[in-house]
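To start, the structure itself, in structure tokens.
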Amino acid sequence: MATRWNRFYKKQMENQRLRDLVERELENLQLGIQIAQLRQEERLSQTKLAAMADMSAPKISAMENEPRNLTIATLIRVAHALGSKVEIKLVRQKKIKQRRRHQSARAA
């Protein structure tokens with residue numbers, strides 16, 4: 001069943017600029033989601049994880065809810081406290097997006 005919210009969202013996502021913004025924000029949130037899931041799998045509170053990573057509980061909360069401007073060193077500390085490791089991988093986006101960026105760079 002299509003709700004008013006679903007119709008509104010679909011209409012908004014027709015705007016390329018807004019869709020790009022939403023996609024970037026979702027990419028940012030994925031890291032926080034991963035941290036929260038690993039923490040929950042280990043049955044750790046944010047406070048306990050913070051103690052294990054030698055940082056504050058509000059920092060863990062911020063990492064899970066608004067993961068911005070995190071250093072790799074901080075991620076590694078949290079990963080080790082969770083018995084995990086950090087892997088960073090750059091993945092090419094679809095060709096359409098790459099061409100669009102290339103074209104706008106040439107136009108500038």
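Remark: Glu25 pairs with Arg68 by the side chain to side chain donor-acceptor pair (under 3.5 Å) rule, at least two apart or across chains. For Ser84, there are no side chain to side chain donor-acceptor pair (under 3.5 Å) partners two or more places apart in sequence or in a different chain. Residues forming a salt bridge (charged side-chain N to carboxylate O under 4.0 Å, His left out) with Glu27 (at least two apart in sequence, or on another chain): none. Considering only residues two or more places apart in sequence or on other chains, Thr74 meets the side chain to side chain donor-acceptor pair (under 3.5 Å) condition with Thr71. Considering only residues two or more places apart in sequence or on other chains, Arg17 meets the side-chain contact (heavy atoms from CB on, under 4.5 Å) condition with Asn15. Under the side-chain contact (heavy atoms from CB on, under 4.5 Å) criterion, Ala57 pairs with Thr47, Ala50, sequence neighbours left out. In this structure, the side chain to side chain donor-acceptor pair (under 3.5 Å) partners of Asn65, at least two apart in sequence or on a different chain, are Ser61.
Side-chain contacts under 4.5 Å among hydrophobic residues (ILVMFWY), followed directly or transitively, place Ile33 with no other residue at all. In the hydrophobic clustering (ILVMFWY side chains linked at under 4.5 Å, chained through shared members), Leu75 is joined by Leu31, Ile35, Leu38, Leu44, Leu49, Met52, Met55, Ile60, Met63, Leu70, Ile72, Ile76, Val78, Leu82, Val86, Ile88.
Rounding to the nearest 0.5 Å gives a distance of 13.0 Å between CZ of Arg24 and CG of Leu29. Distance CD/Gln40 to OG/Ser45: 11.0 Å, rounded to 0.5 Å. In this structure, the separation between CZ on Arg19 and CG on Leu21 is 11.5 Å, given to the nearest 0.5 Å.
The salt bridge (charged side-chain N to carboxylate O under 4.0 Å, His left out) pairs that include a residue from residues 79-88 are Lys85-Glu87, where partners are two or more places apart or lie in different chains. The list of salt bridge (charged side-chain N to carboxylate O under 4.0 Å, His left out) pairs with a residue in residues 30-59, not counting sequence neighbours, reads Arg39-Glu64. Among residues at least two apart or in separate chains, ring-ring contact (aromatic ring centres under 6.0 Å, His included) pairs with a member in residues 7-44 are Trp5-Phe8.
By the 6.0 Å contact criterion, CD on Glu66 is open, its count of non-hydrogen atoms from other residues, nucleotides or ligands being 12 or less.
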